[in-house]
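Working notes, structure below.
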Amino acid sequence: MSRTDPLRGRLPRRDLLRLTGAAAGTAALGNLTGHGPLVAGSAVARQDAANAIVFGVGTDIDELDPRTTDTQEGYIVASNVYDCLVLYDLGATTIRPGLAESWEISEDGLTYTFTLRQGVSFHDGEPFNADAVVTWYNSIDEGAPDSQYDATRMVYVADFITTWIDTVEATDEFTVTMTLPNPYAPLLANLAIPIAGIPSPAAIAQGLDHLAVNPSGTGAFRLASPDDWTRDSQMVLQANPDYWGGAPQIEQLIVRVIPESSTRLQALEAGEIDIAWALSPEDVERTRENPDLVIVEDAGLNTNMIEMNVGKEPFGSKEVRQALNYAVNKEELSEGLYNGNMVAAGGVLPPVDWAFNPDLRSYPYDPDRARELLAEAGYDEGNPLTFTFMAYTIPRGYNPVGDRLATAVQEYWSEVGVQADIQTAEWTQYRADRRANLYQSAMGGWQGDNGDPDNFLATLLAGWSKGAGNTSFYDNPEVDALLEQAVRVSDMEERKALYQQAEQLIVDDAPWVFLGYMKHQVVTRANITDFQIQPTYIYYFAGVGKA
């Protein structure tokens, strides 16, 4: 639906930014999966354990096949239902053993040998072994025996996993060897991303649609029945008492969908949920004086931006793209819209990333320079720049205020003579249409998957990622060459220099309006114990308790 800004000219901008805009999050969510045949339980999912933790989110999980899930909510559930060969250390992006208890890397960086954990079973009773790893890999590898690869549904497996691996072979029952065509430094970090969770071979054999609603992993929690998932309402996961890492502290992990931030907060205050995810900045601030609630927070491994599709006019013009950057006051945006919880962006990489460049040359707020650049591109009062600006409505970790951001940015652009027509779309369709190259400009964002700068710069801006993570369709061969070189060297300082050089080229080209990096904030009840936020925005619940 198209929407204009009825408040322009009636309120000072700071007041406009501070409006709670409750209606912004109430867009019809519909079938958030985007897959009609994938129907979970129709009855209300049961909650029958006294020792349960209820995790409140703003929108439903898309699906429960780790190979095809494409939302942060899906990643959170997948990280508890499935295990990967390696896992992230609690509260960090360093790597610890998972289904592989150890590994060795050859001197040339081309061979990874994993020694697998023994005595592990999938939720359906199937044994975990080397054959299960090979079956999983073949299922995501295009052209492999028994491949189920689907480029539309397996959005990231090629970018993160299969592109970098030639073969996966079972050396014996509990040893797997991966052979790479070239050294690839982020491989272990990528293998800990929830999309690398390993399902049961029997579940894989049932096909993508089956596994999407009938998960079977080796994780600390399991979906006992499809009826335990009620779309757009809640999902009840049962503890796995035989979990190789030790039985969970709780009996059930319940994911409850509450679209409105203010309503999630009310449910948290009333004790109806135990943890609230993606609260608005205003609602987070409300909790600070409540002794029954705890804010768990850290610097955010994320980036918040506006994508400009460089293949569509008017965004083929670098002057236009740079002008729209100069037009936005990011510091004021942070204070007014995010209660000071956004760090204004210089470029792509957040300050917590190890390749962050504090000396990056970027775009300070300069509306006069914006007007000059627009004039150079042929736009002025007599010929104003106009385009469609797509916005999502639901809260995200990198932007918990949803489409209120679009209204604020539209206001900044209007002050330099730019007319941006805001339109919104249902979340699943929105993401699909961005990947399908249908938008001129769109709100975007990213929460880091693995702590490696490659996961931002290459995933979001490499030419080979167009139509997957790269939905600005930016393509600079010089940038691509630097990114390709950076993953083939092991020296961290050399990698850092290459990434910083690539990022400066990207910022100069300005395929995005670089906005900022949100703090990572989750609010819990005070009786929740040992809950840790992960820099990659997943949460391992096996060790979390409830006093």
Checklist entry - Between H520 and Y537, how do the two ring planes meet: parallel, tilted or perpendicular, split at 30° and 60°? => result parallel
Item to check | Side-chain donor/acceptor of T230 to backbone N/O of S233, under 3.5 Å | outcome: no
Checklist entry - What is the minimum heavy-atom distance between P97 and R117, and which atoms define it? => result CB-NH2, 3.7 Å
Checklist entry - To the nearest 0.5 Å, what is the distance between CD1 (I165) and CG (D141)? => result 8.5 Å
Item to check | From CD1 (I61) to OH (Y75), nearest 0.5 Å | outcome: 14.5 Å
Checklist outcome for this item: Here the pair of heavy atoms bringing T303 nearest to Y517 is OG1-CE2, 3.6 Å
Item to check | Min side-chain heavy-atom separation F473-N437 under 4.5 Å | outcome: yes
Checklist outcome for this item: Heavy-atom closest pair (C84 atom, L87 atom, distance to 0.1 Å) is N-CD2, 3.8 Å
Next on the checklist: If I compare all heavy atoms of W464 with all of L483, which pair ends up nearest, and what's the gap?
Outcome noted: CH2-CB, 4.0 Å
Checklist entry - Where the side chain of Y137 meets the backbone of A144, is there a donor-acceptor pair that is under 3.5 Å apart? => result no
Next on the checklist: Between F55 and F541, is the ring centroid distance below 6.0 Å?
Outcome noted: yes
Item to check | Plane angle bin for F114 and W103 - parallel if under 30°, tilted between 30 and 60°, otherwise perpendicular | outcome: tilted
Next on the checklist: If you define the side chain from C-beta out and look only at heavy atoms, does anything of Y338 sit under 4.5 Å from S280?
Outcome noted: no
Checklist entry - Measuring from Y540:OH to F531:CZ, what's the distance to the nearest 0.5 Å? => result 13.0 Å
Checklist entry - Should R256 and D274 count as an ion pair when the cut-off is N to O under 4.0 Å? => result no
Checklist entry - Would you call R222-D124 a salt bridge at under 4.0 Å N-O? => result no
Checklist entry - Strictly by modelled atom types, are S200 and E126 linked by a side-chain donor-acceptor pair under 3.5 Å? => result no
Checklist entry - When you check the side-chain N and O atoms of T218 and D83, is any donor under 3.5 Å from an acceptor? => result yes
Checklist outcome for this item: Nearest heavy-atom approach of P400 to P395 is O-CB, 3.6 Å
Item to check | Flag for Y149-N138: side-chain donor and acceptor within less than 3.5 Å | outcome: no
Item to check | Pairwise distance CD1(I273) to CD(Q234) - rounded to 0.5 angstrom | outcome: 11.5 Å
Item to check | Under-4.0 Å salt bridge between R286 and E282 | outcome: no
Next on the checklist: Heavy-atom count check: over 12 atoms from other residues, nucleotides or ligands less than 6.0 Å from D146 CG?
Outcome noted: no
Checklist entry - Do you see a donor-acceptor pair shorter than 3.5 Å between the side chains of T68 and E63? => result yes
Next on the checklist: Salt bridge or not between E297 and R288? Use side-chain N to carboxylate O under 4.0 Å.
Outcome noted: yes
Checklist entry - L460 versus L457: any side-chain heavy-atom pair under 4.5 Å? => result no
Next on the checklist: Whether the N527 and T529 side chains hold a donor-acceptor pair (N or O, under 3.5 Å, no angle test) is what I'd like checked.
Outcome noted: no
Next on the checklist: I want to check something: taking the side chain as every heavy atom from C-beta on, are T287 and I295 in contact at a cut-off of under 4.5 Å?
Outcome noted: yes
Checklist entry - Just by distance, do the side chain of H210 and the backbone of I204 share a donor-acceptor pair under 3.5 Å? => result no
Checklist entry - Is there a side-chain contact between V523 and V294 (heavy atoms, below 4.5 Å)? => result no
Checklist entry - Quick one: do R431 and D70 make a salt bridge, cutoff under 4.0 Å? => result yes
Checklist entry - Are any of the side-chain heavy atoms of V81 and L223 separated by less than 4.5 Å? => result no
Checklist outcome for this item: Between I53 and G545, the two heavy atoms sitting closest are CD1-O, 3.8 Å
Next on the checklist: With no hydrogens and no angle check, just 3.5 Å: does a side-chain donor-acceptor pair link S225 and D228?
Outcome noted: no
Next on the checklist: Between R396 and E73, does any side-chain N to carboxylate O distance fall below 4.0 Å?
Outcome noted: yes
Next on the checklist: Treating E426 as the side-chain partner and T428 as the backbone partner, does any N or O pair qualify as donor plus acceptor under 3.5 Å?
Outcome noted: yes
Next on the checklist: Looking at N399 and N304, would you say the former's side chain and the latter's main chain have a donor-acceptor pair under 3.5 Å?
Outcome noted: no
Checklist entry - Does any N or O in the side chain of T524 come within less than 3.5 Å of the main-chain N or O of I528, such that one atom is a donor and the other an acceptor? => result no
Checklist entry - Would you say the side chains of R434 and T471 form a donor-acceptor pair under 3.5 Å? => result yes
Checklist entry - Between the side chains of S261 and D283, is a donor N or O closer than 3.5 angstrom to an acceptor N or O? => result yes
Next on the checklist: Under a 3.5 Å threshold, yes or no: a donor from one side chain and an acceptor from the other, between D89 and T94?
Outcome noted: yes
Checklist entry - Has R264 got its NZ or CZ under 6.0 Å from the middle of the six-membered ring of W277, at an angle within 45 degrees of the ring axis? => result no
Next on the checklist: Would you say the rings of Y430 and Y439 are close, in the sense that their centroids are separated by under 6.0 Å?
Outcome noted: yes
Checklist entry - Any donor-acceptor pair under 3.5 Å linking the side chain of T459 with the backbone of F456? => result no
Checklist entry - I195 versus F160: any side-chain heavy-atom pair under 4.5 Å? => result yes
Checklist outcome for this item: residues 442-456 vs side-chain hydrogen bond (donor to acceptor under 3.5 Å, both in side chains), sequence neighbours excluded, gives Q72-Q447, Y184-D454, N190-N450, W446-N455, D449-N455, D452-R495
Checklist entry - Counting N and O atoms only, with roles assigned by atom type, does the side chain of N470 sit under 3.5 Å from a partner on the main chain of S465, one being a donor and the other an acceptor? => result no
Checklist entry - Taking C-beta and beyond as the side chain, do M178 and L85 meet within less than 4.5 Å on heavy atoms? => result yes
Item to check | Distance, nearest 0.5 Å, that separates CE of M443 from OG1 of T393 | outcome: 9.0 Å
Checklist entry - Does any donor atom in the side chain of T179 or T111 lie under 3.5 Å from an acceptor atom in the other side chain? => result no
Next on the checklist: Nearest 0.5 angstrom please: D150 CG to S139 OG, how far?
Outcome noted: 12.0 Å
